[in-house]
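Below is one structure, written out as structure tokens; comments come after it.
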Amino acid sequence: MNKLEMSVIGVPMDFGQNRRGVDMGPSAMRYAGAIQRLEALGHDVRDEGDISIDQTNAGHDTNTKLRNLPEVIETSTKLADKVSEVLSNNRFPLVLGGDHSIAIGTLAGLAKNYENLGVIWYDAHADMNTEETSPSGNIHGMPLAVSMGLGHDKLVNIHGYVPKVKPENIVIIGARSVDPGERDLIKEKGMKVFTMHEIDKLGMTEVMNQAMWYLRDREVDGVHLSLDLDGLDPLYTPGVGTPVPGGISYRESHLAMEMLASSNLITSAEFVEVNPILDEKNKTADVAVALMGSLFGESLV
């Protein structure tokens with residue numbers, strides 16, 4: 001893999017869901033040695049610190065069923081500005097979450113700098129709910145829909161343009177918990193989804209090859225990896241808010257990251273939903289950092 005000039009951005013936000021602790025995810029990944037691991041691989045790593053989060057009025061908007069909407073909008077806007085700034089300095093943005101609603105801000109900042117952005121969504125969930133289809137009102141189940149231009153007007157218009165990414169430029173890998181409204185939307189948009197069925201049937205090597213060739217055929221000018229730690233089986237990542245049994249294995253995930261590293265396809269990345277309160281001896285953060293190692297060029301020999 002090419003040596004990168006990389007900026008690490010922490011987003012200690014838990015507004016997108018209702019289980020406390022995921023705001024400590026960036027600290028947990030730093031504690032697990034994320035910066036040192038990347039530096040050991042020869043990358044020029046600049047830790048940009050954390051996006052400031054205002055916890056003062058969380059949950060006080062009664063005009064919508066969307067939980068903590070003003071706070072998510074504020075944080076997403078700050079993150080979008082920061083990601084855009086990092087790209088303007090020709091650096092690789094690596095974002096540490098935080099719940100998966102942070103992807104709204106990440107993709108808003110990225111899309112302003114790419115004409116035809118591609119996304120690999122490594123997750124147990126499709127995260128394509130809207131206010132109408134969401135069973136919970138939790139915005140961490142909505143970032144892909146928002147980034148496609150579907151959902152609350154103030155969310156989809158962050159940074160002043162819609163959409164951030166085209167549905168046909170998205171590949172979802174590892175899905176195994178999809179709500180009815182999301183299923184309908186996937187079918188309507190004809191989106192590329194590799195569920196656990198496809199991973200079991202084809203094997204991770206074939207899934208990743210197909211995913212990467214699919215995006216190349218779309219002639220994308222950048223590819224963002226959004227990796228939710230609940231994409232892995234909870235056996236390996238117990239410290240997540242919405243664990244779903246029967247997920248991707250530790251070794252399959254390393255293989256996926258190694259293949260992405262060899263491809264030089266990835267132009268930005270985020271690792272989200274590490275919750276130390278629900279974790280076992282920082283195991284999930286350790287897995288996240290190990291996967292970063294594979295994504296950014298670490299090899300066994």
Side-chain angles (χ1 to χ4, degrees), residues 6-41 43 45-55 58 68 71-72 75-76 78-79 82-83 92-106 122-125 127 138-140 143 174 225-244 247-250 253-254 257 268-296 298:
M6 183 184 303
S7 285
V8 177
I9 306 164
V11 192
M13 182 171 80
D14 61 1
F15 293 135
Q17 43 83 70
N18 58 356
R19 301 190 75 174
R20 301 311 305 270
V22 73
D23 57 316
M24 295 186 284
S27 294
M29 285 182 269
R30 288 188 177 100
Y31 181 78
I35 307 300
Q36 296 88 336
R37 191 119 179 199
L38 297 169
E39 289 177 334
L41 293 170
H43 301 298
V45 184
R46 180 186 299 164
D47 190 346
E48 304 277 357
D50 289 345
I51 299 293
S52 63
I53 310 291
D54 183 4
Q55 299 277 357
N68 303 319
E71 290 74 26
V72 172
T75 303
S76 297
K78 289 179 182 177
L79 177 56
K82 186 62 180 180
V83 168
F92 182 107
L94 173 60
V95 181
L96 309 180
D99 68 67
H100 215 163
S101 69
I102 72 166
I104 295 170
T106 304
Y122 199 92
D123 198 334
H125 308 89
D127 290 344
N138 290 332
I139 298 176
H140 78 158
L225 171 67
S226 191
L227 191 149
D228 188 322
L229 271 297
D230 72 25
L232 281 77
D233 192 278
L235 174 68
Y236 310 101
T237 54
V240 296
T242 48
V244 184
I248 304 171
S249 76
Y250 180 80
S253 295
H254 275 287
M257 298 303 106
S268 56
E270 63 192 342
F271 286 72
V272 305
E273 297 284 357
V274 173
N275 190 327
I277 288 179
L278 303 175
D279 209 0
E280 301 168 2
K281 299 180 180 178
N282 218 30
K283 181 178 181 178
T284 304
D286 287 336
V287 169
V289 171
L291 293 178
M292 288 178 209
S294 290
L295 177 64
F296 294 110
E298 199 169 83

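Predicted model only: the values in this text are computed from it and were never measured. The chain is numbered in sequence order, starting from 1.
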Open item on the list: Nearest 0.5 angstrom please: M6 CE to S268 OG, how far?
Closed with: 11.0 Å
Please list every donor-acceptor pair under 3.5 Å in which a side-chain atom of residues 285-295 meets a protein atom from a residue at least two apart or in another chain.
{"unit_1": "S294", "atom_1": "OG", "unit_2": "H254", "atom_2": "ND1", "d": "2.7"}

Open item on the list: Using a 6.0 Å cut-off, check whether atom CZ of R30 has over 12 heavy atoms from anything other than its own residue.
Closed with: yes
Task: From CD (Q17) to NE2 (H100), nearest 0.5 Å - done: 12.5 Å
Task: Sub-4.5 Å side-chain heavy-atom contact between N68 and I139 - done: no
- [ ] Without swapping roles, check the side chain of D279 against the backbone of T284 for a donor-acceptor pair under 3.5 Å.
- [x] yes
Open item on the list: Closer than 3.5 angstrom, by distance alone: can the side chain of K78 be matched with the main-chain N or O of S52 as a donor-acceptor pair?
Closed with: yes
Task: Any residue meeting side chain to side chain donor-acceptor pair (under 3.5 Å) with D230, in chain and number order, not counting sequence neighbours - done: H125, T242
Open item on the list: Check whether N138 reaches the backbone of H140 with its side chain - one donor and one acceptor, N or O, closer than 3.5 Å.
Closed with: no
Open item on the list: Could you check whether any side-chain heavy atom of F15 comes within less than 4.5 Å of a side-chain heavy atom of D23, counting everything from C-beta outward?
Closed with: no
Open item on the list: Side chains of H43 and F92, heavy atoms from C-beta outward: is any pair under 4.5 Å?
Closed with: no
TODO: Any chance you could measure D99, atom CG, to R19, atom CZ, to the nearest 0.5 Å?
DONE: 13.0 Å
Task: Gap separating the OG1 atom of T106 from the CD1 atom of I9, nearest 0.5 angstrom - done: 7.5 Å
Task: Spacing of S7 atom OG and R46 atom CZ [to the nearest 0.5 Å] - done: 5.0 Å
Task: Close side-chain approach of L94 to L38, heavy-atom, < 4.5 Å - done: yes
- [ ] Indicate yes or no: at least one non-hydrogen side-chain atom of P26 is less than 4.5 angstrom from one of D50.
- [x] yes
Task: Positive for side-chain contact (heavy atoms from CB on, under 4.5 Å) with E273, one of T237, D228, L278, L227 - done: D228
Task: Any side-chain heavy-atom pair of I51 and M13 under 4.5 Å - done: no
Task: Chi angles and distances behind the side-chain contact (heavy atoms from CB on, under 4.5 Å) call for D14, R20 - done: CA-CA 7 Å; D14 61 1; R20 301 311 305 270; 2.5 Å; yes
Task: Side chains of M257 and Y122 in contact at under 4.5 Å (non-hydrogen atoms) - done: yes
Open item on the list: For a quick test of reading the model, state the closest non-hydrogen atom pair linking A103 to P143 and the distance between them.
Closed with: CB-CB, 4.0 Å
Open item on the list: Tell me if a side-chain donor or acceptor on D233 pairs with a main-chain N or O of G247 at a distance below 3.5 Å.
Closed with: yes
Open item on the list: How long is the straight-line distance from CG of L229 back to CZ of F271, given to the nearest 0.5 Å?
Closed with: 8.0 Å
